[in-house]
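Values reported hereafter were calculated over all heavy atoms of this structure, with side chains retained and with hydrogens, waters and symmetry mates removed. A note on names: the letters A, B, ... follow the listed sequences, proteins ahead of strands, and every chain is numbered from 1.
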Amino acid sequence: MIMRVEVARDLGKADLAREVAEMETRHGSFDGLRQRVFVERCADPRAVDDYVLWKALRDEGGGLEDRTVFDTPEVFRTLTPRRVEMLEFLRHAEVASIQDLAAKLRRDYKNTYDDLAALKAWGLVAVLREGKNQRPVSHVTSLRVSWEK
Amino acid sequence: MTRVVRQRIWVRRDEVLDATEAYEGARRAFYGYTYRTLQSGSWLPAIRWDSWEGQDHVDRYDESGQLKDRLPWRDRPLADVLKLVKTFRRNLLTMDLSEL
């Protein structure tokens with residue numbers, strides 16, 4: 001039996017717009033990326049995957065489902081009660097900075113920072129740089145543990 | 001109308017299988033499965049199975065993430081590729097992938 005943790009994320013319009021903005025930063029324009037992957041027969045996996053996604057999002061009705069699966073028990077060392085509480089809090093509330101998150105959770109800055117770093121290493125949260133602030137965000141909407149053969 | 005399903009499957013703390021699949025209705029129109037390892041803070045591709053331009057193939061990359069070789073491959077589902085990755089892990093880099 002293998003223990004598996006599956007994390008699902010709901011992606012709203014703002015999230016999809018952010019995906020497109022990130023692809024623009026990585027590749028310039030959609031046409032430029034298309035040129036790269038077709039004409040240059042690009043062997044860059046990221047470019048091909050981005051092209052497939054970007055094309056789908058440009059099409060009417062196109063969409064994205066995003067999932068993270070942990071096929072290793074190592075992740076359970078990271079998912080302490082405090083960190084799960086942090087994930088849950090970030091799911092329902094917006095914070096302006098790490099300091100703001102620490103204040104709202106009534107925890108000290110260093111422990112909050114360390115816990116965010118641990119969650120970030122497994123891709124469970126992102127920390128967005130906004131001016132002088134680092135803003136933690138989580139799109140985790142469900143976290144399911146199962147056993148599989 | 002295309003629906004893209006993107007998954008990051010963590011095999012270990014420093015090894016992932018990134019899967020991108022595009023569906024048109026129930027049909028899987030594209031797949032790309034990339035086995036990456038974490039090296040000096042960057043996720044570098046080691047092996048990539050994909051169906052780009054309708055041709056199933058498997059690519060191998062060197063330690064710096066540059067394409068090393070490309071072989072034909074027969075289409076297999078994500079579950080099979082994950083099983084390969086979990087069974088052989090980095091040893092895949094020295095195996096004959098087209099025969100697996």
Side-chain angles (χ1 to χ4, degrees), chain A residues 2-9 11 15-16 19-20 23 34 36-79 118 120-124 126 139-140 148-149, chain B residues 1-25 28-36 38 41-53 55 57-62 65-70 78-79 81-83 85-87 89:
Chain A
I2 296 164
M3 190 174 273
R4 212 166 202 244
V5 179
E6 190 169 323
V7 171
R9 299 174 186 178
L11 296 171
D15 299 306
L16 296 179
E19 289 281 343
V20 171
M23 289 190 284
R34 181 168 53 194
R36 239 187 108 200
V37 295
F38 277 103
V39 178
E40 297 174 17
R41 298 186 60 78
C42 183
D44 174 1
R46 185 77 179 268
V48 174
D49 289 347
D50 277 356
Y51 173 76
V52 170
L53 174 60
W54 204 344
K55 185 173 181 300
L57 295 181
R58 283 163 62 101
D59 293 345
E60 201 167 323
L64 170 65
E65 287 174 31
D66 195 49
R67 285 195 285 268
T68 305
V69 175
F70 299 96
D71 222 322
T72 165
E74 280 180 286
V75 73
F76 286 101
R77 289 195 202 117
T78 299
L79 292 173
K120 189 170 168 245
W122 287 100
L124 288 163
H139 302 296
V140 173
E148 290 184 7
K149 276 193 178 174
Chain B
M1 190 171 85
T2 306
R3 180 173 57 95
V4 173
V5 179
R6 188 174 62 188
Q7 293 187 69
R8 167 158 283 197
I9 303 169
W10 293 75
V11 179
R12 286 173 64 91
R13 196 185 184 90
D14 55 358
E15 294 173 43
V16 294
L17 181 64
D18 282 333
T20 298
E21 295 172 313
Y23 290 89
E24 285 164 4
R28 187 181 59 161
F30 168 82
Y31 68 86
Y33 307 134
T34 312
Y35 171 52
R36 294 178 199 273
L38 187 62
S42 298
W43 288 104
L44 295 182
I47 301 168
R48 158 97 168 175
W49 296 262
D50 86 24
S51 63
W52 180 242
E53 293 191 293
Q55 294 182 353
H57 62 268
V58 55
D59 292 342
R60 255 193 304 220
Y61 294 81
D62 65 18
Q66 298 300 307
L67 181 65
K68 201 165 65 175
D69 55 34
R70 172 170 289 178
L78 174 58
V81 173
L82 177 60
K83 196 177 277 183
V85 165
K86 289 187 72 171
T87 306
R89 299 185 37 224

Review point. Out of curiosity, A:R77 CZ to A:W122 CH2, how far, rounded to the nearest 0.5 Å?
Key: 8.5 Å

Point to revise | Region of A:D59 in contact with chain B, defined by heavy-atom distances below 4.5 Å | key: side chain

Study note, to complete from the structure: Honestly, the part of B:V5 sitting under 4.5 Å from a heavy atom of chain A is both

Review point. Looking at B:R48, B:R70, B:K68, which one forms a side chain to side chain donor-acceptor pair (under 3.5 Å) with B:D59?
Key: B:R70

**Study point:** Residue part contacting chain A, namely of B:L82, when any heavy atom lies under 4.5 Å
**Key:** side chain

Review point. Using non-hydrogen atoms only, which part of A:E74 is less than 4.5 Å away from chain B: side chain, backbone, both, or neither?
Key: side chain

Practice item. Among A:L57, A:V75, A:T78, A:V37, single out the residue with the greatest number of heavy-atom pairs under 4.5 Å to chain B. Key: A:V37

Study note, to complete from the structure: Rounded to the nearest 0.5 angstrom, the CZ-CG distance for A:R4 and A:D71 is 4.5 Å

Exercise for review: Give a yes or no on whether a salt bridge exists between B:R89 and B:E15, defined as a side-chain N under 4.0 angstrom from a carboxylate O.
Suggested key: yes

Exercise for review: Look at A:P45, A:G63, A:A56 and state which one has the largest set of heavy-atom pairs under 4.5 Å with chain B.
Suggested key: A:P45

Exercise for review: Could you grab the distance from atom CH2 of A:W54 to atom CZ of A:R34, nearest 0.5 Å is fine?
Suggested key: 11.0 Å

Review point. Side chain, backbone, both or neither: which part of B:E21 has a non-hydrogen atom closer than 4.5 Å to chain A?
Key: neither

Check your understanding: What residue in A:L53, A:V52, A:D44 has the most heavy-atom pairs under 4.5 Å with chain B?
Key -> A:V52

Check your understanding: What pairs with B:W43 under ring pair (Phe, Tyr, Trp, His ring centres under 6.0 Å), at least two apart in sequence or on another chain?
Key -> B:W10

Exercise for review: Name the region of B:Y61, side chain, backbone, both or neither, that has any atom closer than 4.5 Å to a heavy atom of chain A.
Suggested key: side chain

Check your understanding: Between B:L67 and chain A, which part of the residue has a heavy atom less than 4.5 Å away: side chain, backbone, both or neither?
Key -> side chain

Study note, to complete from the structure: Between the OG1 atom in B:T2 and the CZ atom in B:F30, the distance rounded to the nearest 0.5 Å is 12.0 Å

